[in-house]
Amino acid sequence: MRLIGKSGARSSAAAEADTDAWAESAERTANHPGALPAQRTSGLSERPPTQGYGPDSLVHVSTRQFAAAVGAYGEQSGGEPGAGAAIDPAGLDSTSFETALAARESAALEARHRQAADGGDPDAACRLGTLLLRRGELEDAEPYLRAAAAAGVRAAANNLGVLLHQQGHRAEAGQWWRQAAVAGSAPAAHALGLQLRDQGEEEAAEYWLHYAADHGHPLGAYALGDLMEHRRDVRAERWFKVSADAGHREASYRLARMREAAGDKETAETWYRTAAARSHARAALRLGVLLEERARADRSLLDEAARWYRQAAQNGEPRAACALGFLLRDSGDLAAAAEWWQEAAEAGDGNAANALGALHASRGEAAAAERWYRAALDAGDQNGAFNLGLLCAGTGREQQAEQWYRRAAYAGHREACNALAVVLLQRGDESGAQPWFSKAAEAGSVDGAFNLGVLHAGRGEQQQAQEWYARAAAEGHGEAALQLAVVQEQRGNLGGALERYRQAAAGGSAEGAFRLASLLDRRGDADAEAEHWYALAADAGHRRAQVRMGVRAAERGALEIAESWYRRAAEAGSRSAAFNLGLLLARQDSEAEAMLWYTRAADAGHGRAALRLALLALRRGEPMQAENWCRRAIDSGPAEVAERAGRLLGALNAELSA
């Protein structure tokens, strides 16, 4: 049966009218095993349809036959056409003609219903009252529906309940719904169930909603599922599926959410598709999210995810517009991403406002960034306050940064708690920093846990430090794993150290990768793996790893590769790399450039470079320069170099004094 009102779960105020009254028959009711004969106390009965009424009684004729048959129907005196004047097909396009014809047929049908109803036909009164109810003419509909309901027409009782509910007469509406429901009306049972639910009578509500659902009412099945889910009743899924199978899009969405929560993403995706195909915005959003997750293994799914995000955004879901923005950003289309973020932000999405703020901040547009961060905060997203703190800190406004961190921290933002603690610690307020580090760590901040470990380590509280490092390392914090690895290596537990170094390297610690490679290198049985970790650390800018890559390349005769690694490290400030580069260039007869790199290394405190410069000065016949470099070498060390430089300096002094 078609029902008046909006589809989907609503309060009983949206109960829907049983408008196809003539389609209900005593035979149909008898075929439903769930009917309630023991409760038929209202006197309502099923009435056979009166001949001559209803859609099956209409004679279908062509448009020209109809126009000829009605002739001057509705003409007014004086030749002026009235509202019901005959239609001239030649004067209208096909669409206008069909619209006008439908209006004429409807008017004629209404006139016949009214004539029969005024003559005492309760079925006609029901149909007329329902038609007027659909049009919102409640006062005109009420007497016809009352007359039909009093005569025992079940659909009229249901629709009268709808009318009275719309007028605010809820108690009387419930009475009529109950009578119609007892007589076997599934729509009335649904409406009564919703009303009882809203009144807190959940057991009675469940009974009537169950009755509606058992009799094929999809809204009844949905409402029953909704009630059961509220009670955490596992049967809710069954009724959502019944409703979803009947085409209820909200039920499809709710069923998908339940399957996703249960870890059954494949079935969830199917039901999200079903709901999204019926323009359910949140279902399209969730479908996009699932597809984006799957796109990690199959990049072709990103286009489909974008389509669903776009559909959801166009149907008014700002979170989908925000997600589409991130998808476009990741594909390199920042301009389009900014447009979707702005649309979402203007609709009140704080995440999108933060994304816009970050975009402007990355461009150096601090004023625009601050405006969007404030918009995010106004939307209730505390990331806005945290980001304002970062923005102020980046522009030297430390006091304002602390205020924003504090605001976000008191609102429970864990990274703001950590940032505030760092500010306090840098200011020397260790006692003030510790509670905020603790709050951040307890709330799940990995950086907070690591920093709390650093704080305890600085106090010599190694056990507490190790506990917090372990907690941070368990969440993938590379530097925390590195600290644990160093302790294991110091204790001689090389197996444990290797495991922790691997964890550190996997967590992005270049130092962890370098130490792992060094340990493998010393062990001597995993050269290829050591090379891998050296390369990984070197590519991340680790200077000692770059030097090791240069040394290994030089050992196998790949001098160009060695020179490249030495240059990268030397230009980044590595004195060892500068010295090695000088040696390499000297072998290639580039003495002038080699001298430059020796000098840079010696100036940075490299003893061997200073000793090499002293020998070169002697070769050029510059004993004063040689003496100066010898003294630098003695000061820089190491002991072996200092001893050699000392002997050379003694020989120089003896020669100069001779």
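Hydrogens, waters and symmetry mates play no part in the numbers below; they use all other heavy atoms, side chains included.
Counting heavy atoms from C-beta on, the side chains of Arg273 and Trp308 come closer than 4.5 Å. Residues Leu452 and Glu467 fail the side-chain proximity criterion, which asks for heavy atoms closer than 4.5 Å. Within the 4.5 Å cutoff, the side chain of Glu317 has no heavy atoms near those of the Tyr309 side chain. In this structure the side chain of Leu596 never reaches within 4.5 angstrom of the side chain of Thr599, judged on heavy atoms.
The existence of a salt bridge linking Arg620 and Glu591 is excluded, since no basic side-chain nitrogen approaches an acidic carboxylate oxygen closer than 4.0 Å. Ion pairing between a basic and an acidic side chain is recognised when a charged N comes within 4.0 Å of a carboxylate O; Arg544 and Glu511 show such pairing. Between Lys265 and Glu269, none of the side-chain N atoms (NZ, or NE/NH1/NH2) sits under 4.0 Å from a carboxylate O, so this pair counts as no salt bridge. Ion pairing between a basic and an acidic side chain is recognised when a charged N comes within 4.0 Å of a carboxylate O; Arg644 and Glu640 show no such pairing. Ion pairing between a basic and an acidic side chain is recognised when a charged N comes within 4.0 Å of a carboxylate O; Glu343 and Arg310 show no such pairing.
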Could you pull out all donor-acceptor pairs under 3.5 Å where a side-chain atom in residues 471-478 meets a protein atom, sequence neighbours excluded?
residue: His477; atom: ND1; partner: Glu479; partner atom: N; Å: 3.4
residue: His477; atom: ND1; partner: Ala480; partner atom: N; Å: 3.2
residue: His477; atom: NE2; partner: Asp447; partner atom: OD1; Å: 3.2

With a 3.5 Å cut-off and sequence neighbours excluded, list the donor-acceptor pairs that the side chains of residues 377-390 form with protein atoms.
residue: Asp381; atom: OD1; partner: Asn383; partner atom: N; Å: 2.9
residue: Asp381; atom: OD1; partner: Asn383; partner atom: ND2; Å: 3.3
residue: Asp381; atom: OD2; partner: Asn351; partner atom: N; Å: 3.4
residue: Asp381; atom: OD2; partner: Asn354; partner atom: ND2; Å: 3.3
residue: Asn383; atom: OD1; partner: His413; partner atom: NE2; Å: 2.6
residue: Asn387; atom: ND2; partner: Asn354; partner atom: OD1; Å: 2.9
residue: Asn387; atom: ND2; partner: Asn383; partner atom: O; Å: 3.2

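Side-chain polar atoms of Gln546 and Arg543 form no donor-acceptor pair below 3.5 angstrom.
Under the ring-ring contact (aromatic ring centres under 6.0 Å, His included) criterion, Tyr598 pairs with Phe579, sequence neighbours left out. Partners of Trp436 according to the ring-ring contact (aromatic ring centres under 6.0 Å, His included) rule, which considers only residues two or more places apart in sequence or in another chain, are Tyr410. For Asp589, the side-chain hydrogen bond (donor to acceptor under 3.5 Å, both in side chains) criterion is met by no residue, not counting sequence neighbours.
Taking every heavy atom of both residues into account, Pro318 and Ala347 meet most closely at CB-CB, 3.9 Å.
Each salt bridge (charged side-chain N to carboxylate O under 4.0 Å, His left out) pair with one or both residues in residues 398-409, not counting sequence neighbours, appears once here: Glu402-Arg406, Glu402-Arg427.
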- [ ] Let me see the working for Trp533 and Glu529 under side chain to side chain donor-acceptor pair (under 3.5 Å), right down to the final yes or no.
- [x] CA-CA 6 Å; Trp533 291 113; Glu529 187 182 359; 3.3 Å; yes
